[in-house]
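Since the structure comes first, as structure tokens, the remarks are kept for the end.
As the structure lists them, so they are numbered: ligands from 1, and atoms in each ligand from 1. By convention here, the first residue in the shown sequence is residue 1.
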Amino acid sequence: MAKLGRLVASLPIPDVLRERVVAQFDCFAPERHLRTDDLIALAKQHDPDALLISLGMPMRAEHVALLPASVRVMATTSVGYDHIDVAAANAQGITVCNTPDVLTDATADTHMLLLLGAARQAKTHIHNMDGGWKVRNGFFQGLGVDVSGKTMGIVGMGRIGRAVAQRARGFDMPILYHNRTRLSADLESGARYFASLEEMLPHCQVLSLNLPGGQGVLMTAERFAKLPRGAIFVNSARGSLVDEEALIAALKSGQVGSAGLDVFQKEPNFDTRLNELENTFLLPHIGSATIETRAAMAGLALDGIAAVLSGQTPANVVKA
Ligand code: 8YV
């Protein structure tokens, strides 16, 4: 079979996809993740038709401008594309693809892990076990708060937000949501819509961020102050949506009772003051990190590349 074109990847190709990649592309992939500058250098060396990149790789207008004219498609192994200047890429004739749907369940599962970990003080208890569990907690020591029955407000009721709602219903949690547009009754599944985030916040015993990044800071000191005192804050979306100074202050004062975070303003070198607080449960941006899901994401990114190089428009094209 004739190859579809030349592919330069910024990440190693996993074994499960190697055969397919070799069959479809002349592929130049590194042994370990590249930085943007190294990817651009590799692209200049091989004049590829396609680039496969991932989330930790900013592809701003100044980077796009340095790519060789041969590049026609760039796929990111993430659903989020706030690291890419899509308009700049499109202006240079480069189609951008992402990986929606295939990571919805894994990310929603991680979200529930964050919620439960934050509510039940998992970090403190894990620390206790790491130390060999020398002393049994007293009956009223080491207590978390119930998750079951608490009201959850979801900001961003797209695929992942809805999958979180579905899981939360299993915990008997009434669901509120704020979204740019109201969903159909079918997709709402009983969730209550708030056109105004400000009006929803005072009702959220749990506040869940499930919207894309790239739209500035959503959670400010003023908005944290509108939550009921002791609310649980969960973010598996993007750190850029949160004023972390304001979150730290709210966690210290008890205004926010606990926070489960998978994402941070700065990654990987996040603000470690967040981890010094007892009432946080933190993960290193592992939302979609399962064997099955990561293979599906890489596969979908490659499907997008293959489609573009075959003259088709794939479903996973990102719009600027
Ligand atoms: C990842 C994500 O865990 O897809 C996204 O936008 O943030 C997550 O799925 C990931 O960083 C994949 O590269």
Side-chain angles (χ1 to χ4, degrees), residues 8-14 16-17 21 29-30 32-36 39 50-60 63 74-86 89 96-115 117 154-164 167 208-216 218 234-242 244 260-270 281-305 314-320:
V8 161
S10 75
L11 60 158
I13 301 297
V16 51
L17 291 170
V21 167
R32 54 179 72 161
H33 283 255
L34 298 181
R35 297 163 60 97
T36 305
L39 177 81
L51 296 178
L52 182 69
I53 68 168
S54 61
L55 192 72
M57 165 161 288
M59 205 33 97
R60 307 283 168 223
H63 306 123
M74 167 161 53
T76 179
T77 54
S78 58
V79 69
Y81 50 87
D82 45 320
H83 55 302
I84 303 174
D85 190 326
V86 178
V96 179
C97 300
N98 69 341
T99 62
D101 299 314
V102 292
L103 77 166
T104 299
D105 285 332
T107 307
D109 291 350
T110 302
H111 201 85
M112 298 311 281
L113 173 63
L114 293 168
L115 169 57
I154 297 179
V155 187
M157 199 63 149
R159 289 166 286 230
I160 296 172
R162 295 200 297 276
V164 168
R167 283 153 179 74
S208 173
L209 295 197
N210 298 104
L211 69 166
Q215 41 196 324
L218 180 93
V234 187
N235 186 9
S236 63
R238 284 294 180 268
S240 59
L241 296 164
V242 178
E244 283 182 351
L261 310 172
D262 188 43
V263 289
F264 304 87
Q265 281 270 1
K266 267 188 74 197
E267 297 178 9
N269 294 307
F270 76 108
F281 179 69
L282 311 181
L283 295 173
H285 203 149
I286 56 143
S288 63
T290 69
I291 293 168
E292 301 91 330
T293 297
R294 286 286 166 88
M297 291 165 74
L300 181 57
L302 290 168
D303 289 347
I305 291 175
N316 54 328
V317 167
V318 164
K319 292 178 189 73

- Does His285 offer a backbone N or O that forms a donor-acceptor pair with the side chain of Glu267 under 3.5 Å?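 It does not hold such a pair.
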
- Message: Among all the protein's non-hydrogen atoms, which is closest to atom 2 (C) of ligand 1, and how far away is it?
- Response: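 Minimum-distance protein heavy atom for atom 2 (C) of ligand 1 reads His285 NE2, 3.6 Å.
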
- Item | Which residue and heavy atom of the protein sit nearest atom 11 (O) of ligand 1, plus the separation |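 Looking at atom 11 (O) of ligand 1, the protein heavy atom closest to it is Leu55 CD2, 3.0 Å.
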
Any atoms of ligand 1 less than 4.0 Å from a non-hydrogen atom of [X]? List them with their elements.
{"X": "Met297", "result": "4 (O), 9 (O), 12 (C)"}
{"X": "Thr77", "result": "12 (C), 13 (O)"}
{"X": "Ser288", "result": "1 (C), 3 (O), 8 (C), 9 (O), 10 (C), 12 (C)"}
{"X": "Leu103", "result": "4 (O), 9 (O)"}
{"X": "Gly80", "result": "4 (O), 5 (C), 6 (O)"}

- Item | Gap separating the OG atom of Ser240 from the CD atom of Glu244, nearest 0.5 angstrom |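 Ser240 atom OG to Glu244 atom CD measures 10.0 Å (nearest 0.5 Å).
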
- salt_bridge(Arg159, Asp105) N-O dist < 4.0 Å: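 Here Arg159 does not pair with Asp105 in a salt bridge, since their nearest N and O are not under 4.0 Å apart.
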
With nothing but distance in play, are any N or O atoms of [X] less than 3.5 Å from an N or O of ligand 1?
{"X": "Ala237", "result": "no"}
{"X": "Thr99", "result": "no"}
{"X": "Thr107", "result": "no"}

- Return yes if a side-chain donor-acceptor contact under 3.5 Å exists between Ser10 and His33, otherwise no.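 On atom types as modelled, these side chains do not qualify, holding no pair under 3.5 Å.
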
- Task: Please determine, by modelled atom types, if Ser236 and His111 share a side-chain donor-acceptor pair under 3.5 angstrom.
- Result: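 There is such a pair (donor and acceptor under 3.5 Å, judged by atom type) between the side chains of Ser236 and His111.
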
- Query: ligand 1 versus Val79, non-hydrogen atoms closer than 4.0 Å: side chain, backbone, both, neither?
  - Reply: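 The part of Val79 near ligand 1 is both the backbone and the side chain.
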
- Message: Just to verify, which of Ile305, Val96, Thr76, Val8 counts as forming a side-chain contact (heavy atoms from CB on, under 4.5 Å) with Leu51?
- Response: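 Of all the options given, the one that passes is Val8.
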
- Message: On a heavy-atom basis, which atom in Val318 and which in Cys97 lie closest, and how many Å separate them?
- Response: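 Scanning both residues, the minimum pair turns out to be CG2-C, 4.2 Å.
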
- Task: Report the C-alpha distance between Gln215 and Leu241 in whole Å, list the side-chain angles of each, state the deciding distance to 0.1 Å, and finish with yes or no for side-chain contact (heavy atoms from CB on, under 4.5 Å).
- Result: CA-CA 7 Å; Gln215 41 196 324; Leu241 296 164; 4.1 Å; yes

